[in-house]
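The next block holds one structure in the form of structure tokens; read it before the comments.
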Amino acid sequence: MQAVGPAAAFSLAVTPSPARRWTVDSGRGFSRSCRSGRISVSAVGYSQLEVRRVSYRPPGTEQNLLNEISLSLREKSFGLLFGRSGSGKTTLLQLLAGLSEPTRGTICVQKYNDSGNPMGPPELLTAQRVGIVFQFPERYFLADTVLEEITFGWPRQNTNFLFREKLALKLQNAINSVGLNGISLEEDPQSLSGGFKRRLALAIQLVQTPDLLLLDEPLAGLDWKARADVVNLLKDLKKDHTILAVSHDLRELYPLVDRSWRMEMGGVLMEEALPLQIMDGRN
Ligand SMILES: Nc1ncnc2c1ncn2[C@@H]1O[C@H](COP(=O)(O)OP(=O)(O)OP(=O)(O)O)[C@@H](O)[C@H]1O
């Protein structure tokens, strides 16, 4: 087993890349009322993600895919979006990740004091503060080793000691938080089991220390053991992260869920407790 620590990152042999496919580096300019900010853990009070009356119509089309969507999700909680295929769930995740911009409405972070009163103006949730794990993320693995996959695009040269040490700590934290510390960092990502591939996909996002983690169908395509494994991992991650997932697997994710919303066909969102008669989750 390869040692993981600051020393490991100092000797990174990582190929710089112009852009990772899910790295989002554009800011959002659609809301004058929002400033750049993050869902952060405050000494006093709490912060929450707030989607305010967001509509979305792709450029050049006549119909809205999302209509006046509103939701709020408190820090360190787990939100679940469910609903029929084609209703617009993934489209909403893409807006939250900054991959497209709302036609109307705002996506903000609002801080509150312990009495529930807003503290200051809402802040923009910048794309840099959001990590998104797409459906079947392992299909997008590019590197030959786990280490390269996680540190894809990191600088190799001309970085000072403190910066490299910071990167090394981020690497170590990400690996530890998804439980990848038991495998060699020289392992080929494609040789990992299904559950470990999902762990790796989460580590790739967590190394960026996002404030909001978006998951599109995190259990899709996994066998029962790997599904249970990922559910347990998400249970742990929820202690430190704010997570919003899209899933049809309501029964398995049920124990994690703090708030849930059903997306109706036509892109209309309603807050709804998960159906008690969850059977196969195809709601
Ligand atoms: N750029 C676009 N232009 C036009 N229509 C689009 C565009 N992107 C998505 N759509 C359509 O928007 C609808 C919502 O798609 P979306 O993928 O968000 O649904 P979903 O609820 O996530 O579905 P699933 O559960 O199958 O993943 C679909 O009918 C899709 O074809």
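Numbering starts at 1 and runs along the sequence shown. Indexing begins at 1, ligand by ligand and atom by atom, following the structure's order.
Expressed to the nearest 0.5 Å, how far CD of E272 lies from CE of M263 amounts to 13.0 Å.
Within 6.0 Å of CZ in R259 there are more than 12 heavy atoms belonging to other residues, nucleotides or ligands.
For ligand 1, the 4.0 Å heavy-atom shell contains residues P58, L65, R84, S85, G86, S87, G88, K89, T90, T91, H248.
A donor-acceptor contact shorter than 3.5 Å is absent between the side chain of S87 and the backbone of E264. Under a 3.5 Å cut-off, the side chain of K235 and the backbone N or O of P255 do not form any donor-acceptor pair.
A cation-pi arrangement is not found for R262 relative to F82, the charged atom failing to lie both closer than 6.0 Å to the ring centre and inside a 45° cone about the ring normal.
A pairwise comparison of heavy atoms in D249 and R227 identifies OD1-NH2, 2.7 Å as the closest pair.
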